[in-house]
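Accompanying notes for the structure given below.
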Amino acid sequence: MSDSETGFGKGCHLHLIDGSAYIFRAYHALPPLTRKSDGLPVGAVAGFCNMLWRYLGENGNSSDAPTHAAVIFDYSSKTFRNDIYDLYKANRPELPEDLRPQFPLTRDATRAFNLSCIEVQDYEADDIIATLARQAREAGGRVTIISSDKDLMQLVGGGVEMLDAMKNKRIGIDEVIEKFGVAPDRVVDVQALAGDSVDNIPGAPGIGVKTAALLINEYGDLDSLLARAEEIKQPKRRQTLIDHADQIRMSRRLVLLDENTPLDFTLNDLEVRDPDPTALVDFLNQMEFRTLTRRVADRFGTEAPALPDPAPATAPSQDSTPDMPEFSAAQYDCVRDLDTLNIWIDRIRERGYVAVDTETTSLDEMRAELVGISLCVDAGHAAYIPLAHRAGGDDLFGASALLDGQIPLEQALRALQPVLEDPAILKIGQNMKYDAKIFANLGVTVTPIDDTMLLSYALHGGLHGHGMDQLSDRYLNHQPIPIKSLLGSGKSAITFDMVGIDDATRYAAEDADITLRLWQMFKPRLHAAQVTRVYETLDRPLVPVLAQMERHGVKVDRDVLSRMSNAFAQKMAALESEIHELAGESFNVGSPKQLGEILFDKMSLQGGKKGKTGAYATGADVLEDLAAEGHDLPARVLDWRQLSKLKSTYTDALQDHIHPDTGRVHTSYVITGAVTGRLASTDPNLQNIPIRSEEGRRIRTAFVADQGNKLVALDYSQIELRILAHIAGIDSLKSAFRDGHDIHAMTASEMFGVPLDQMTPDVRRQAKAINFGVIYGISGFGLARNLRIPRAQAQAFIDTYFQRFPGIRAYMDDTVEFAKKHGRVETLFGRRIHTPEINTKGPGAGFAKRAAINAPIQGTAADIIRRAMVRLPDALAGLPARMLMQVHDELVFEVPEDSVDETINRVRAVMEAAAEPLVRLDVPLVVDAGIGDNWAQAH
DNA sequence: GGTCTCACG
DNA sequence: GACGTACGTGAGACCG
């Protein structure tokens, strides 16, 4: 070796890269990528190149940059160790078929990066590394071995260090001692005793690393130990060492690296050279690695060569299900280090899209903690990144300790953030609003997105639900792992952070895999189903809008609710004793069954009707009838029920929903919650806060504006009737709306021939009921019940109505006809609502008809407010107004006092013009506004 | 878990 | 001619 002043020596720094380890890691971490032009498998080469590129980037400008470097490979799987022990590494799985042809390409890649590429027949890469490390050490230089292979740890010390590139962790003497319990020079002794199942090194049966280290530390080294084996106290251990001494010695020969591998070059030949940009770009281009080629070309300022156009990102064809691998053959990786994560990130960038799923500790996004993230870019190959899994409960202290082998959450997040926020990379999820909120909590804005739940909603609204399990079963014929199987259910249920990482990987990666497959299937179908616009303008854009509303929440005054709860409790107690007295016995007023028996059996009141379950009906309508006949008990029960409802559902339950940190209530809107296009609000439902009764309405006073702010509520006036007038083309209704007339009074006047100036409240009330009935698909029975009039009279009203407004009848008939023919109806904006029951016979037929009649009206109104909501963030830009709630035809905002007027002006303008320009309604949309310190005032 | 009841638009 | 029915939701309580 050259010790001359010009050659390798003191001050020099040699990097030895374990190339074979790189290749296997790249292969197993990446989907089976092939070269577009000829199908040559190149996935491992791609990963390998990415790693080398990153290696150069990290070391190029570092003050600790290597002066010399080499990439070392295994020549073949057969080495001199097979002559020592024919079973050495005999349990290794067969080399994958598509990996072997990539071996020569990785050598080419190394040379293209202008790195020395080294392999020696009959020797392992580890022997070459050992030899070069020894030479460098003896020459007085430093060595960094880039590998995490424990078999190389025997080389550490005397200026030799290892670098675990995955964990970006240096391995020095201390780390080796931590791992093996002995210094590097005794590592082979420990390994010889402990053996190694991966390399099929027998060692001493029953002795592991811990015991081996104990023994070596006690006896000094392996030879001394074996020589003095008789002295070992434990009989079994003593016998093992005596019986297997030869096997142990052989094991040591297997693990001991050969520091004298014959080499036909010197360290001086390994001097670092800059890559030749042209050669490198040429090679990458040949491999057809688009992203990396461009990146390298950019870096060196060379022209990226022209490449043929890639296949479109959305490869699946229009009319056929894309070929997908079987789920049984799917590969789900667990990503435990940054290097592997970066491989996935590169893969995502290469593709331009990725299916993402988060696993958390709660379904409530405001309380949920991120536990892990899964990714998928190719059907059948997904990854799970565990981040916050914790030890199970057995260990007294372990319960809160993070498990090892997880990338620190913050690091993983910062690595993923550029991808999640990259406008050129599509993030695909199932119910992305959930995941987007989880990421938003961590400061990451996920955009742009696609959502398989919303795709299904646009495509299949009315046909079935859009949960992932359901979609997977129906469209992929695959039943995903039930979450219950991991978490259990009921009281003993655990949170996801307590799930083992292996189980979690299978579950979470599968979810991302399923999501990607559903997306590949659904996305190309939007056009054929003519719902692209619905999805892209009405549904998908709502995700960020709702996410922000939900995260912001609405301030709720706990004291107001608490005081009301107490008041309700007192009143209920008084009513309860009164009711028991009237009944002559004590019973559970809240039990419809017991109440029915009291009313109709014990008290023998008339009108007792049993439903299909054999229980008496005791609904409000029944009790009201009885009360009207002068019975006190049902009247008291009605009062009690109202209070009970208000207390349990609102004043009590709402308090539990006040977030401890924000002091606000954060609902969750379900975009696919109603088939018509309406939203649904859950946990809690803020769309059914009382208003009709005076007592209930007071609950709204607990919904307050923050200091210095006002609540502003804007709602569409009569929007569904206006839409009906437009769709059915009723001229008289349209002109009444245009002229701003009282629509119910006008209807009454038309129907009953009463002049407007002589209109009575009662006649108007009846007309109003008819107007609403029409929207719901009117029936004589329903109207009769609603108005409490004889059915014949109700039917007469309806007949008159249809005579006066024949367009309504025509609309209803046409709509049902359309539904029967196409199995669906549509809103003015093209939303399709399927009506699979429309052709069934029997009692269901009436239901389906009325639903079909109602859906285009309710749905069009829902579409309109969706359009307004999507436009509002831009329209309110620069204003401090916050949108808080949506209640079907109403939007509620929180606004600093001095911005109230401007906010109302802008919101009203957006809401009133929300149908345009796509639809020009023949009637104006009118929006009423209210302002207050609380929601009751604002309405 | 199904049924009943009731809160909203 | 009889049969049940207003449309769309979510949640709490009861009960088997």
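No hydrogens, no waters, no symmetry mates; every other heavy atom, side chains included, goes into these values.
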Beyond-backbone contact of A:Glu578 with A:Trp640, side-chain heavy atoms, under 4.5 angstrom: no
Selected nucleotide, minimal atom distance to A:Tyr776 side chain, candidates C:dC14, C:dC7, B:dA7: C:dC7
Ring centroid separation A:Tyr535 to A:Tyr457 under 6.0 Å: no
Distance, rounded to the nearest Å, where A:Gln886 contributes CD and B:dG9 contributes C1': 10 Å
Value in whole Å for how far the P atom of B:dC8 lies from CG of A:Leu679: 19 Å
Sugar-phosphate, base or nothing in reach of A:Asp683, heavy atoms under 4.0 Å: sugar-phosphate
Distance, rounded to the nearest Å, where A:Leu646 contributes CG and B:dC8 contributes P: 8 Å
Sugar-phosphate only, base, or nothing, as touched by A:Ile778 at under 4.0 Å among non-hydrogen atoms: base
Euclidean distance, atom CD of residue A:Glu890 to atom P of C:dG8 [Å, nearest integer]: 22 Å
Inter-residue atom distance A:Lys437.NZ - A:His666.NE2, 0.5 Å rounding: 8.5 Å
A:Arg831: which of A:Asp539, A:Thr860, A:Thr676 passes side-chain hydrogen bond (donor to acceptor under 3.5 Å, both in side chains): A:Asp539
Range-with-range stems of DNA chain C (Watson-Crick or G-U pairs under 3.5 Å, three or more in a row): B:1-9 with C:7-15
C:dT9 base / A:Arg678 side chain donor-acceptor hit below 3.5 Å: no
Whole angstrom value for the distance that separates P of C:dA11 from NZ of A:Lys647: 19 Å
Out of B:dC6, C:dG10, B:dC8, whichever nucleotide has its closest atom nearest the side chain of A:Ala620: B:dC6
Polar side chain donor-acceptor pair, A:Gln687 to A:Ser681, under 3.5 angstrom: no
Given C:dG12, B:dG9, B:dA7, the nucleotide with the shortest approach to the side chain of A:Tyr650: B:dA7
Touch class at under 4.0 angstrom, heavy-atom based, for A:Arg791 against every strand present: base
Pairs involving residues 806-838 of chain A, ordered by first then second residue, that meet ring pair (Phe, Tyr, Trp, His ring centres under 6.0 Å) (sequence neighbours left out): A:Phe818-A:His822
Any A:Arg850 side-chain N or O less than 4.0 Å from OP1/OP2 of C:dA6: no
Mutual orientation of the aromatic rings belonging to A:Tyr616 and A:Phe600 [parallel < 30°, tilted 30-60°, perpendicular > 60°]: tilted
Value in whole Å for how far the P atom of C:dA11 lies from CD1 of A:Ile699: 16 Å
Sugar-phosphate, base or nothing in reach of A:Ala852, heavy atoms under 4.0 Å: nothing
Sugar-phosphate, base or nothing in reach of A:Gly619, heavy atoms under 4.0 Å: sugar-phosphate
Span that lies between the P atom of C:dG4 and that of B:dC4, in whole angstrom: 14 Å
Stepwise salt bridge (charged side-chain N to carboxylate O under 4.0 Å, His left out) test for A:Glu695 and A:Arg697: CA-CA 5 Å; A:Glu695 211 143 29; A:Arg697 191 188 183 108; over 6 Å; no
Sugar-phosphate only, base, or nothing, as touched by A:Val670 at under 4.0 Å among non-hydrogen atoms: nothing
Exceeds 12 heavy-atom contacts within 6.0 angstrom, atom CD of A:Gln479: yes
Touch class at under 4.0 angstrom, heavy-atom based, for A:Ala653 against every strand present: sugar-phosphate
Criterion salt bridge (charged side-chain N to carboxylate O under 4.0 Å, His left out) on A:Lys602 and A:Glu585, from CA distance to verdict: CA-CA 10 Å; A:Lys602 180 164 186 197; A:Glu585 68 176 282; 3.0 Å; yes
Donor-acceptor pair between A:Glu550 and A:Thr667 side chains, under 3.5 angstrom: no
A:Asn588 side-chain proximity, nearest of C:dC15, C:dG8, C:dA11: C:dC15
Proximal nucleotide (of C:dC15, B:dC8, C:dA6) relative to the A:Arg692 side chain: B:dC8
Residues from residues 856-866 of chain A lying under 4.0 Å of DNA chain B - heavy atoms: A:Gln858
Between P of C:dC7 and CD1 of A:Ile770, the distance in whole Å: 17 Å
Touch class at under 4.0 angstrom, heavy-atom based, for A:Arg641 against every strand present: sugar-phosphate
Sugar-phosphate only, base, or nothing, as touched by A:Ser681 at under 4.0 Å among non-hydrogen atoms: sugar-phosphate
Touch class at under 4.0 angstrom, heavy-atom based, for A:Ser779 against every strand present: base
Inter-nucleotide P distance (B:dT5, C:dT5), Å rounded: 13 Å
Any side-chain heavy-atom pair of A:Ser565 and A:Gln655 under 4.5 Å: yes
A:Arg700 side-chain proximity, nearest of B:dC6, B:dC8, C:dG16: B:dC8
Sugar-phosphate, base or nothing in reach of A:Gly590, heavy atoms under 4.0 Å: sugar-phosphate
Separation between the C1' atoms of B:dC6 and C:dA2, rounded to whole Å: 31 Å
Sugar-phosphate only, base, or nothing, as touched by A:Gln642 at under 4.0 Å among non-hydrogen atoms: sugar-phosphate
Gap between atoms CD1 and P, on A:Ile689 and B:dC6 respectively (whole Å): 18 Å
Residue-phosphate contact under 4.0 Å: A:Lys849 side-chain N/O, C:dA6 OP1/OP2: no
Short side-chain N/O contact from A:Thr649 to OP1 or OP2 of B:dC6, under 4.0 Å: no
Side-chain ion pair, A:Asp639 and A:Lys571, N-O less than 4.0 Å: no
Any A:Thr618 side-chain N or O less than 4.0 Å from OP1/OP2 of B:dC4: no
side-chain N/O A:Gln594 vs C:dC15 OP1/OP2, d < 4.0 Å: yes
Touch class at under 4.0 angstrom, heavy-atom based, for A:Asp889 against every strand present: sugar-phosphate
Sugar-phosphate, base or nothing in reach of A:Asn685, heavy atoms under 4.0 Å: sugar-phosphate
Residue A:Phe847, side-chain heavy atoms: nucleotide from B:dT5, C:dG12, C:dT5 that is nearest: C:dT5
